Amino acid sequence: MSARLVLLGPPGAGKGTQAARLAERLAVPAISTGDIFRANIKGGTELGRTAQAYTARGELVPDSVTNAMVQDRLAQADAAEGFLLDGYPRNVAQVAELDAILAAAGLALDLALEITADPAAVTDRLLKRAAIEGREDDTEDVIRHRLGVYAEQTAPISQVYAARGLLVQVDGIGAMDEVTERLLAAIERAAG
């Protein structure tokens with residue numbers, strides 16, 4: 001089975017951790033838009049310079065730049081047999097762009113995995129992380145706002161993938177190994 005996956009989930013649900021673990025187990029690259037931005041900026045690519053111009057002004061990088069970076073990253077050899085996207089798509093327009101990128105290569109997405117988590121549990125998790133890492137800007141109000149923004153922006157993406165029969169929701173609360181096993185089991189059932 002190929003493994004062309006999108007990983008969704010609220011801040012603090014463990015997406016980054018689980019993306020790395022799943023990518024290793026599935027032998028595909030975990031592709032984070034944040035990592036793509038940093039690699040392009042560090043490499044001084046044209047897309048990196050464009051993205052840096054926006055971030056230097058404190059602005060969001062436009063979808064057109066993000067889409068181009070993702071398209072370039074998915075065309076690399078290590079993603080030929082699959083990938084796990086973390087942080088993309090972030091809106092319905094990016095879902096359509098990902099569809100177009102994959103269709104142009106004769107491919108399709110296999111599954112959208114959404115890590116779910118109770119907002120109170122995620123808030124507690126992020127507050128503990130903030131205390132450990134000394135992140136004074138991660139207050140309870142800020143965390144609740146980020147969770148609200150995530151729910152507002154991601155709900156439409158989840159609905160698109162659910163309508164296509166591609167969405168699988170997995171409980172993200174529990175020990176890291178338990179969550180990884182739940183995700184792998186969901187992938188296996190979907191491939192079934």
Side-chain angles (χ1 to χ4, degrees), residues 1-36 63 66-67 69-71 73-74 79-123 125-126 143-144 146-192:
M1 169 193 142
S2 67
R4 293 180 184 89
L5 311 170
V6 166
L7 187 62
L8 307 169
K15 272 192 326 292
T17 298
Q18 293 301 331
R21 296 177 77 141
L22 290 173
E24 183 178 334
R25 296 278 290 273
L26 299 170
V28 299
I31 300 173
S32 152
T33 49
D35 291 345
I36 295 172
D63 281 359
T66 304
N67 294 337
M69 285 187 182
V70 169
Q71 182 174 13
R73 179 61 184 91
L74 292 178
E81 296 302 315
F83 53 81
L84 184 116
L85 284 170
D86 172 12
Y88 184 92
R90 285 201 186 274
N91 57 50
V92 174
Q94 288 182 352
V95 170
E97 184 62 27
L98 178 59
D99 290 344
I101 291 168
L102 294 175
L107 304 171
L109 192 68
D110 294 315
L111 196 62
L113 289 167
E114 183 174 16
I115 299 176
T116 62
D118 174 67
V122 170
T123 300
R125 187 183 284 178
L126 289 172
I143 291 167
R144 288 194 189 285
R146 287 173 50 207
L147 291 172
V149 168
Y150 172 80
E152 181 180 301
Q153 293 178 353
T154 304
I157 295 171
S158 296
Q159 290 168 359
V160 167
Y161 287 131
R164 295 178 186 178
L166 292 177
L167 182 71
V168 175
Q169 295 179 315
V170 176
D171 183 5
I173 301 299
M176 262 190 282
D177 288 341
E178 290 173 12
V179 176
T180 302
E181 291 309 315
R182 280 185 218 137
L183 289 163
L184 288 168
I187 294 167
E188 286 179 28
R189 278 193 304 276

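What's counted below: heavy atoms across the whole structure, side chains too, no hydrogens, waters or symmetry copies. Note that this is a predicted model, so its numbers are computed, not measured.
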Engineer: Suppose we screen for side chain to side chain contact (heavy atoms under 4.5 Å, CB included). Which residues come up paired with P156, at least two apart in sequence or across chains?
Structural biologist: V92
Engineer: With sequence neighbours left out, what residues match A121 under side chain to side chain contact (heavy atoms under 4.5 Å, CB included)?
Structural biologist: D118, I173
Engineer: Taking only residues two or more places apart in sequence, or in another chain, which ones meet D35 in a side-chain hydrogen bond (donor to acceptor under 3.5 Å, both in side chains)?
Structural biologist: R38
Engineer: Run D63 and Q94 through side chain to side chain donor-acceptor pair (under 3.5 Å) and show every step you take.
Structural biologist: CA-CA 7 Å; D63 281 359; Q94 288 182 352; 2.9 Å; yes
Engineer: Could you tell me which residues satisfy salt bridge (charged side-chain N to carboxylate O under 4.0 Å, His left out) with R90, sequence neighbours excluded, listed by chain and number?
Structural biologist: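 Once residues adjacent in sequence are excluded, R90 has no partner under the salt bridge (charged side-chain N to carboxylate O under 4.0 Å, His left out) criterion.
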Engineer: By side chain to side chain contact (heavy atoms under 4.5 Å, CB included), which residues pair with V95, not counting sequence neighbours?
Structural biologist: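 Testing V95 for side chain to side chain contact (heavy atoms under 4.5 Å, CB included), a comparison that skips the adjacent residues, returns P89, D99, I157, V160, Y161, R164.
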Engineer: Restricting to side chain to side chain contact (heavy atoms under 4.5 Å, CB included), what partner residues turn up for Q71, sequence neighbours left out?
Structural biologist: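 So Q71 forms a side chain to side chain contact (heavy atoms under 4.5 Å, CB included) with I101.
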Engineer: Not counting sequence neighbours, which residues clear salt bridge (charged side-chain N to carboxylate O under 4.0 Å, His left out) with D171? List them please.
Structural biologist: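 Listed in chain order: nothing, the list is empty.
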Engineer: Which pairs count as side chain to side chain donor-acceptor pair (under 3.5 Å) when at least one residue sits in residues 20-30, sequence neighbours excluded?
Structural biologist: R21-D177, R21-T180, R25-E181
Engineer: Listed by chain and number, what are the side-chain hydrogen bond (donor to acceptor under 3.5 Å, both in side chains) partners of S158, not counting sequence neighbours?
Structural biologist: E114
Engineer: Can any side-chain N or O of Q18 pair as donor or acceptor with the backbone N or O of G172 at less than 3.5 Å?
Structural biologist: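 Judged by distance alone, no pair lies under 3.5 Å.
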Engineer: Only one of N67, T66, T33 clears side-chain hydrogen bond (donor to acceptor under 3.5 Å, both in side chains) with Y88; which?
Structural biologist: N67
